[in-house]
Structures are given as structure tokens and as C-alpha cells.
Engineer: 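This structure is in C-alpha cells; I'll ask about it shortly.
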Amino acid sequence: MNTVAYTAFIAFLSSVLTLVSVNALSSPDAVVPSDPEGITREELARHDSAESCWKAIHGTVYDVTGFIADHPTPAAVMLEWCGRDASEAWDNKRPGRPHSSFAEGMLERFRVGRLVD
């Protein structure tokens with residue numbers, strides 16, 4: 001009976017440690033904006049280069065600076081939308097075809113805030 005209890009305890013402990021590790025490793029590395037309540041269009045516009053590329057997509061602002069090199073298109077495609085609302089580009093990856101649900105799932109790690117008027 002002691003062997004069963006010991007084995008169950010080790011399995012439980014391993015599960016807890018795995019969950020803690022996964023949670024620690026999956027924390028987003030997003031930059032915190034100067035205004036945590038919202039990002040104005042003026043602040044968004046200041047991030048319009050390869051060194052600091054923020055985009056608004058459907059009212060949410062994302063810092064995609066670190067993803068430019070990993071994006072499957074040439075950098076110029078992404079850089080065109082830095083510092084502004086990129087909802088049109090997001091919804092029309094190819095004419096009439098939005099980005100995939102996989103791409104949408106990746107966005108959250110780049111989120112910095114919400115766009116306010």
C-alpha cells in the first residue's frame with residue numbers, strides 16, 4: 001500500500017511542477033504601453049518603424065517589432081502598416097481572405113493595449 005501512495009504522490013507532484021513550468025514559460029513578453037488604460041492614435045503613430053512597430057487590429061494594439069523577421073512575407077509588407085490601423089491588411093491577407101485562426105492565436109503574445117480615440 002505504501003508503494004501505491006508513494007507512486008501517486010510522485011505523479012501528483014510531477015503534474016503540479018509541469019503546470020507551473022508551462023505557465024512560467026508561456027508568459028507574454030509584451031511591452032507595457034505608457035498608458036495602460038488605452039493607446040491613442042498619436043501614440044500608435046510614434047511606433048512606425050522596424051525598430052518599433054505597433055499595429056492596431058480591430059481596436060487592439062500589438063507590438064510586432066520582434067516578429068517582423070519571422071513573418072513569412074518580406075519585411076516591407078509588415079512595415080507598411082506600422083504605426084497605424086492594420087485591420088484592413090489583417091482581414092485581407094489575400095484579397096477577401098483573412099489571416100488564419102493560427103495567426104490570430106499568435107497575436108495575444110504581442111498585445112500591448114487597446115486603441116482609444
Side-chain angles (χ1 to χ4, degrees):
M1 186 66 169
N2 285 339
T3 304
V4 173
Y6 178 75
T7 302
F9 174 73
I10 295 299
F12 172 76
L13 186 60
S14 297
S15 298
V16 169
L17 290 174
T18 299
L19 290 173
V20 169
S21 298
V22 167
N23 186 42
L25 293 173
S26 65
S27 297
D29 295 330
V31 175
V32 177
S34 59
D35 178 6
E37 292 300 314
I39 297 169
T40 63
R41 291 191 183 278
E42 292 78 22
E43 184 174 1
L44 174 65
R46 287 193 293 268
H47 300 276
D48 64 348
S49 68
E51 291 75 32
S52 182
C53 180
W54 288 14
K55 298 179 182 193
I57 300 173
H58 300 294
T60 303
V61 179
Y62 303 94
D63 179 355
V64 296
T65 308
F67 186 69
I68 293 171
D70 296 327
H71 194 267
T73 63
V77 173
M78 286 201 52
L79 293 173
E80 176 183 349
W81 295 95
C82 295
R84 56 193 206 135
D85 189 325
S87 299
E88 178 186 340
W90 181 261
D91 292 337
N92 292 292
K93 175 181 168 183
R94 288 186 215 114
R97 298 194 71 204
H99 277 75
S100 68
S101 57
F102 177 77
E104 189 170 342
M106 292 176 61
L107 274 179
E108 188 56 33
R109 68 180 167 163
F110 302 110
R111 185 181 188 281
V112 292
R114 64 182 171 81
L115 188 63
V116 294
D117 288 349

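No experiment lies behind these values; they were computed from the predicted model shown.
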Engineer: Looking at every non-hydrogen atom in both residues, tell me the closest pair between Leu44 and Ala56 and how far apart they are.
Structural biologist: CD2-CB, 3.8 Å
Engineer: Which value, rounded to the nearest 0.5 Å, describes the distance between His99 atom NE2 and Asn92 atom CG?
Structural biologist: 10.0 Å
Engineer: Quick one: are Lys55 and Phe110 in side-chain contact, heavy atoms under 4.5 Å?
Structural biologist: no
Engineer: Is there side-chain contact between Arg41 and Leu115, with at least one heavy-atom pair below 4.5 Å?
Structural biologist: yes
Engineer: Just verifying a value: how many Å separate Arg109 CZ and Tyr62 OH, rounded to the nearest 0.5 Å?
Structural biologist: 12.5 Å
Engineer: Write down the atom of Arg84, the atom of Glu80, and the distance for their closest heavy-atom approach.
Structural biologist: NE-O, 3.3 Å
Engineer: State yes or no: do Ile68 and Val77 share one hydrophobic cluster built from I, L, V, M, F, W and Y residues joined by side-chain heavy-atom distances below 4.5 Å, directly or via other members?
Structural biologist: no
Engineer: Any non-hydrogen side-chain atom of Phe67 less than 4.5 Å from a side-chain atom of Met78?
Structural biologist: yes
Engineer: Quick check on side-chain contact (heavy atoms from CB on, under 4.5 Å): which of Thr60, Val64, Asp63 does Val112 satisfy it with?
Structural biologist: Asp63
Engineer: Measure the shortest side-chain to side-chain distance between Trp90 and Leu107 over non-hydrogen atoms and say whether it is less than 4.5 angstrom.
Structural biologist: yes
Engineer: Quick one: sort the His47 and Trp54 rings into parallel, tilted or perpendicular, breaks at 30° and 60°.
Structural biologist: parallel
